[in-house]
There are 2 protein chains.
Amino acid sequence: MTTTAGATTDVRPCPISPVVELVFSRWTTPILWTLHEHGTQRFVELERTLGVTPKVLTQRLRQMERDGLVVRTYHPEIPPRVQYEISELGESLAPVFAALTQWSERHLPSVREARAAYSGPLPR
Amino acid sequence: MTTTAGATTDVRPCPISPVVELVFSRWTTPILWTLHEHGTQRFVELERTLGVTPKVLTQRLRQMERDGLVVRTYHPEIPPRVQYEISELGESLAPVFAALTQWSERHLPSVREARAAYSGPLPR
DNA sequence: CCGTATCCGTACGGATACTG
DNA sequence: CAGTATCCGTACGGATACGG
């Protein structure tokens, strides 16, 4: 565990932090969900469906493309057409989403109850 | 405008967004993980283990207590002692964490490959 | 020990305008 | 249509100091 005296104890963070950062950053979840549910989407479709500005949408899509979660296909036409679809790697997240969905259905009410019952500080 | 046939009124965002915000906000995942793995922890233990400043730690713990994910127990001693433990509701997230862990083990290498192979913009 | 109070820097998202 | 460029406001986290 800790090595010889003097050395700082190693702080081992939870192993899922990388995935969390990868998948649950802002907008990534809605984007993945939309592509998963509605299939291939064009840029403007995502823009309108999610209500996100083009700058941010581009940032997220580039990031997700780099990480291999989505596939971008450019069609050199006039006007240009770009398709975004979820990759196989992205689809492999399905069990995660399923677990999350199930948890929501079962336990989200409990959260609401807890919030209602909570009388301490931090009122939002 | 909205007269696109077929799709009536509702543009439904992904249903897991609330949970994501709840569980995967900054620091909440490491906190939950630590309490899940190492059991009950004192304030200063979490502070040191996670390397988080007391202000932020308090914010997160209050929020998670309000949401019913952790249980705070105050022992009026000198010096005072406060225990934080994961609640039953928090424990119910275990399947989610399990799915995430499994995905990490299986598919995180693919992400690294994708990043290495990616030659476009956005180099981080 | 367990927080709270205060200041501060920045990263991030939103809005707008413009280009190919 | 599919972005890029620019400006801007703020929410958030880190650092420090202090209090019960």
Side-chain angles (χ1 to χ4, degrees), chain A residues 11 13 17 20-32 34-35 38 40-67 70-85 118-124, chain B residues 1 4 13 17 20-31 34-35 38 40-67 70-85 118-124:
Chain A
V11 177
S17 286
V20 170
E21 198 171 338
L22 196 73
V23 180
F24 300 115
S25 295
R26 183 130 191 144
W27 291 116
T28 53
T29 312
I31 291 173
L32 274 176
T34 302
L35 295 180
H38 299 74
T40 302
Q41 299 276 312
R42 304 183 62 166
F43 186 87
V44 75
E45 287 180 303
L46 289 171
E47 193 179 345
R48 281 198 269 259
T49 302
L50 302 176
V52 59
T53 57
K55 189 192 74 171
V56 177
L57 181 58
T58 302
Q59 287 176 353
R60 288 285 95 88
L61 285 173
R62 286 289 178 282
Q63 175 187 342
M64 295 166 74
E65 184 195 4
R66 180 201 60 176
D67 295 338
V70 304
V71 177
R72 176 182 183 269
T73 310
Y74 177 75
H75 303 269
E77 309 167 358
I78 295 178
R81 184 166 52 94
V82 177
Q83 308 269 34
Y84 289 94
E85 60 180 328
Y118 185 73
S119 52
L122 193 86
R124 181 166 50 156
Chain B
M1 276 269 185
T4 36
S17 286
V20 170
E21 197 170 339
L22 195 73
V23 180
F24 300 115
S25 296
R26 183 125 191 150
W27 292 116
T28 54
T29 312
I31 290 173
T34 301
L35 294 179
H38 299 74
T40 301
Q41 298 275 314
R42 303 183 62 167
F43 186 86
V44 75
E45 287 180 304
L46 289 170
E47 192 179 346
R48 281 198 269 259
T49 302
L50 302 175
V52 58
T53 58
K55 189 193 74 170
V56 177
L57 181 58
T58 301
Q59 287 177 352
R60 289 285 96 87
L61 285 173
R62 286 290 179 280
Q63 174 187 344
M64 295 167 75
E65 184 195 4
R66 180 201 60 175
D67 295 338
V70 305
V71 176
R72 176 182 183 270
T73 310
Y74 176 75
H75 302 271
E77 308 166 358
I78 295 177
R81 184 166 53 94
V82 178
Q83 308 268 34
Y84 290 94
E85 60 180 326
Y118 186 72
S119 53
L122 191 87
R124 178 157 62 144

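All chains are named by letter (A, B, ...) in the order of the sequence lines, taking the proteins before the strands, and each is independently numbered beginning at 1. Values below: all heavy atoms of this structure, side chains included; hydrogens, waters and symmetry mates excluded.
- Rounded to an integer number of Å, the gap from A/Glu47 CD to D/dT4 P is 12 Å.
- Checked by atom type and distance alone, the side chain of A/Thr34 never pairs as donor or acceptor with a backbone atom of A/Leu50 at under 3.5 Å.
- Listed nucleotides: C/dT4, D/dG3, C/dC1. Nearest to the side chain of A/Thr58: D/dG3.
- Dashed line: the shortest gap from a side-chain N or O of A/Arg42 to OP1 or OP2 of D/dC1 is not under 4.0 Å.
- Nearest to the side-chain atoms of B/Pro79 among the listed nucleotides D/dG3, C/dC1, C/dG14 stands C/dC1.
- At a threshold of 4.5 Å between non-hydrogen side-chain atoms, the residues B/Leu61 and B/Phe43 count as touching.
- The interatomic distance linking B/Arg26 (CZ) with D/dC12 (P) rounds to 12 Å, in whole Å.
- The interatomic distance linking A/Lys55 (NZ) with C/dC12 (C1') rounds to 7 Å, in whole Å.
- Mapping A/Pro54 and B/Pro80 onto DNA chain D by nearest heavy atom places A/Pro54 closer to the 5' end of the strand.
- Note: NE2 (B/His75) to P (C/dC2) measures 10 Å, nearest angstrom.
- B/Arg62 places its CZ atom 19 Å from the C1' atom of D/dC12, with the value rounded to the nearest Å.
- When the side-chain nitrogen and oxygen atoms of B/Tyr84 are compared with OP1 and OP2 of C/dG3, one or more of them lie within a distance under 4.0 Å.
- Checked by atom type and distance alone, the side chain of B/Glu45 pairs as donor or acceptor with a backbone atom of B/Arg42 at under 3.5 Å.
- Side-chain proximity of B/Phe43 to C/dC7, C/dG3, D/dT4: nearest is C/dG3.
- Distance, B/Arg72 CZ to C/dC2 P: 10 Å, rounded to whole Å.
- In this entry the distance linking CG of A/Leu57 with P of C/dC12 reads 17 Å, nearest Å.
- B/Arg60 has no side-chain polar atom (N or O) that falls below the 4.0 Å cut-off from OP1 or OP2 of D/dC12.
- Atoms CD (B/Glu77) and P (C/dC2) sit 10 Å apart, rounded to a whole Å.
- Atoms OH and CZ, on A/Tyr84 and A/Arg72 in that order, are 4.5 Å from each other to the nearest 0.5 Å.
- Two residues are said to be in side-chain contact when any heavy atoms from C-beta on lie closer than 4.5 Å; A/Ile31 and A/Val52 fail this criterion.
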